[in-house]
Asks: 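Have a look at the structure that comes next, please.
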Protein chains: 2
Amino acid sequence: MPRSPVSQRLAEAAIALFDERGYDETTVDDIAARAGVSRSTFFRHYRSKEEVIFPDHDALLAQVRARLTASTADTAIVAVCDAVRIVLTRYAEDAEVSLQRYRLVGKVPALRHREIVSVARYQRLFREFVGDWLGDSPDAALRAELMAASVVAAHNQVLRGWLRANGGHDPFPALDHALQYVITTFRHLERSRDDGDQDADRVIVAAFRGSASPDTVMDAIRTQLQTPS
Amino acid sequence: MPRSPVSQRLAEAAIALFDERGYDETTVDDIAARAGVSRSTFFRHYRSKEEVIFPDHDALLAQVRARLTASTADTAIVAVCDAVRIVLTRYAEDAEVSLQRYRLVGKVPALRHREIVSVARYQRLFREFVGDWLGDSPDAALRAELMAASVVAAHNQVLRGWLRANGGHDPFPALDHALQYVITTFRHLERSRDDGDQDADRVIVAAFRGSASPDTVMDAIRTQLQTPS
DNA sequence: CAAGGCACTGAAACTGAGTATCGTCCGCAT
DNA sequence: ATGCGGACGATACTCAGTTTCAGTGCCTTG
């Protein structure tokens, strides 16, 4: 359902005033006055002064959740990557509003914080989804956390780039590229590990300066293999 | 320098009251009264009612920043992993306070939001650090974002596990395990710093399942050394 | 000892966000 | 016409956070 005309007027008045005077210097009374309604009415349409900048985040989150549960992708990470496109689509389809909000959020800490919290909700949703998908495989919780964080980070990176370029280009190729990055990065973690004794899951990480001679490296590794910690 | 006795009394009063009545039901007046000082004094010691729960986050962030700039690790991701240990150390060294805060944050959305914002500051610091390190190599910004997000996610995962277990065990083995996960995941994304000879500082990070036979490992490493990417 | 400076505190007034309550008005169906 | 429900305005209230001013103890310096 479309937003009511009053909500619309309030949002426009708020954005205009935030732009002219700044966020902190604008009171809810000012917004209501410009929209031609009372202060009470403002709080009937928006739970807080911040929410007027981030309307329908709840609806978008619900949409993403629905997309996830309906997903037919064959791996968790692909499903989540698929779902995150919805978010970017929403931003891209009203570039005007997104850009205005981006400039505002860049200047006002309170709004930046609000946005960070919103993003965390998506990340949590992804984490829970991937966690359920992976079940109780070893390190499932850890992998879920990492995947969710990576997908969100990729999205944020692409979105910021698009916003900083004033929305001039199509952001989806960049998103696909970034998500491909994530998917390939995590592909080797998707394989189910063989279950067996616990030691089978130990990993060894060896780091050397590239300038070291191959012999030095081989010696060090040989030593390490002979004395597992 | 240690916190002043007044700050200490205020913090204890606040935590006690939050525990008894709940966060929203406790006013700053209540806290100040129990601590035996005036409301003014409260705000002289803490900028907000929330901050009494998260004292020295600024100091910790500065400490992490200092550790990063002083780092001698040979790759960005290792430096960041190194830095994140400081954070977990801080949590672990007063487990009592951490646990009390954890229970509180779990119940009060406002505090949860505050914590999310704090975490985002670390992530941003890491992102900028890795970004600078990677310079203008292709996808540097994207990789920086992903690495920062992953390291933070790994830390959060370990911390949450530790807190949920009431701080019963040493969290650092789990952290090391999680960070190794991240390092191995990103090993193919690492690049060297560009000082003079680009190749001189290249590193190789190899990860193997502990169940692999030494011969298999040696073969793989030999192959890798002969064909540097 | 005295005078002035400084850090800490209390008191009080103020702004503004967010909540709760009440009365009113308008549209709409029976 | 009567009843009803939803949206609005007005008002008062709580509380976080800011600002200002004044008092007090302490420490230095003459």
Side-chain angles (χ1 to χ4, degrees), chain A residues 1-55 57-58 104-105 107-115 117-118, chain B residues 1-55 57-58 104-105 107-115 117-118:
Chain A
M1 59 179 175
R3 279 183 295 183
S4 80
V6 178
S7 297
Q8 192 67 31
R9 284 213 315 275
L10 280 168
E12 289 169 4
I15 291 178
L17 284 170
F18 293 163
D19 214 41
E20 296 170 12
R21 305 186 201 172
Y23 179 80
D24 290 327
E25 290 69 27
T26 302
T27 72
V28 174
D29 274 312
D30 297 335
I31 300 170
R34 176 175 290 211
V37 297
S38 77
R39 208 177 89 98
S40 304
T41 299
F42 177 92
F43 284 106
R44 282 197 185 91
H45 288 264
Y46 300 98
R47 284 191 292 251
S48 71
K49 184 180 168 185
E50 295 171 0
E51 196 180 281
V52 77
I53 300 298
F54 307 99
H57 252 82
D58 289 343
L104 202 53
V105 167
K107 283 188 290 192
V108 182
L111 297 179
R112 198 160 45 245
H113 296 171
R114 169 87 182 214
E115 190 172 66
V117 170
S118 293
Chain B
M1 57 180 178
R3 277 182 296 182
S4 80
V6 178
S7 297
Q8 192 67 33
R9 283 213 315 277
L10 280 168
E12 289 169 4
I15 291 178
L17 284 171
F18 292 163
D19 214 41
E20 297 171 12
R21 306 185 201 173
Y23 180 81
D24 290 327
E25 288 70 29
T26 303
T27 73
V28 175
D29 274 312
D30 298 334
I31 301 170
R34 174 175 290 210
V37 298
S38 77
R39 209 176 87 98
S40 305
T41 299
F42 177 91
F43 284 108
R44 284 199 185 87
H45 289 263
Y46 299 97
R47 284 191 294 250
S48 70
K49 182 180 168 186
E50 295 171 0
E51 195 180 278
V52 78
I53 301 296
F54 308 98
H57 251 81
D58 288 345
L104 201 54
V105 167
K107 283 188 290 190
V108 183
L111 297 179
R112 197 160 46 244
H113 297 170
R114 169 89 180 212
E115 191 172 64
V117 169
S118 294

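Below, chains carry the letters A, B, ... as their sequence lines are ordered, and counting in each starts from 1.
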Asks: Regarding A:K49 and the six-membered ring of A:Y23, is the cationic atom NZ or CZ under 6.0 Å from the ring centre and inside 45° of its axis?
Replies: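 Because its charged atom sits under 6.0 Å from the ring centre and within 45° of the axis, A:K49 does stack over A:Y23.
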Asks: Between B:S40 and A:V28, which has a closest nucleotide on DNA chain C that is more 5'?
Replies: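 Closest to the 5' end, via its nearest nucleotide, is B:S40.
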Asks: Mind running salt bridge (Lys or Arg N to Asp or Glu O under 4.0 Å) on A:D58 and A:R47 for me, showing each step along the way?
Replies: CA-CA 12 Å; A:D58 289 343; A:R47 284 191 292 251; 3.3 Å; yes
Asks: Base of C:dA11, side chain of B:S38 - is there a donor-acceptor contact under 3.5 Å?
Replies: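 Donor-acceptor pair under 3.5 Å: no.
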Asks: Atom CZ of A:F43 to atom C1' of D:dG9: distance rounded to whole Å?
Replies: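 Atom CZ in A:F43 sits about 15 Å away from atom C1' in D:dG9.
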Asks: Counting only distance, no hydrogens or angles, is the base of C:dG10 paired donor-acceptor with the side chain of B:R44 under 3.5 Å?
Replies: yes
Asks: Grab the CD1-P distance between A:I53 and C:dA17 for me, whole Å please.
Replies: 13 Å
Asks: What's the closest nucleotide to the side chain of A:T41 if the choices are C:dA13, C:dT9, D:dG9?
Replies: D:dG9
Asks: Using 30° and 60° as the class limits, which term best fits the ring planes of A:F54 and A:H57: parallel, tilted or perpendicular?
Replies: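 It falls in the perpendicular class, over 60°.
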Asks: Provide, to the nearest angstrom, the distance between the NZ atom belonging to A:K49 and the C1' atom belonging to C:dT19.
Replies: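 Rounded to the whole Å, the gap is 17 Å.
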Asks: To the nearest Å, how far apart are A:F42 CZ and C:dG16 P?
Replies: 15 Å
Asks: Closest heavy-atom contact between A:H45 and A:E51?
Replies: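 Of all heavy-atom pairs spanning A:H45 and A:E51, the closest is O-OE2, 4.4 Å.
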Asks: If you check the A:V37 side chain, which of D:dA16, C:dA11, D:dG9 turns out closest?
Replies: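 Looking only at heavy atoms from C-beta outward on A:V37, the closest nucleotide is D:dG9.
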Asks: Could you tell me how far apart B:L111 (CG) and D:dA16 (P) are, to the nearest whole angstrom?
Replies: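 From B:L111 CG to D:dA16 P: 13 Å.
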Asks: When we call it a touch if two heavy atoms are under 4.0 Å apart, what does B:T27 touch: a base, just sugar-phosphate, or nothing?
Replies: sugar-phosphate
Asks: A:H45 NE2 to D:dG6 P: how many Å, rounded?
Replies: 15 Å
Asks: Measure the distance from CZ on A:R39 to C1' on C:dA20 and round it to the nearest whole Å.
Replies: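 Between C1' of C:dA20 and CZ of A:R39: 12 Å.
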Asks: Evaluate the criterion side chain to side chain contact (heavy atoms under 4.5 Å, CB included) for residue pair B:L10 and B:S7; output intermediate values, then yes/no.
Replies: CA-CA 5 Å; B:L10 280 168; B:S7 297; 5.7 Å; no
Asks: What integer distance in Å separates A:L17:CG from C:dG16:P?
Replies: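 Going from A:L17 (CG) to C:dG16 (P), I get 14 Å.
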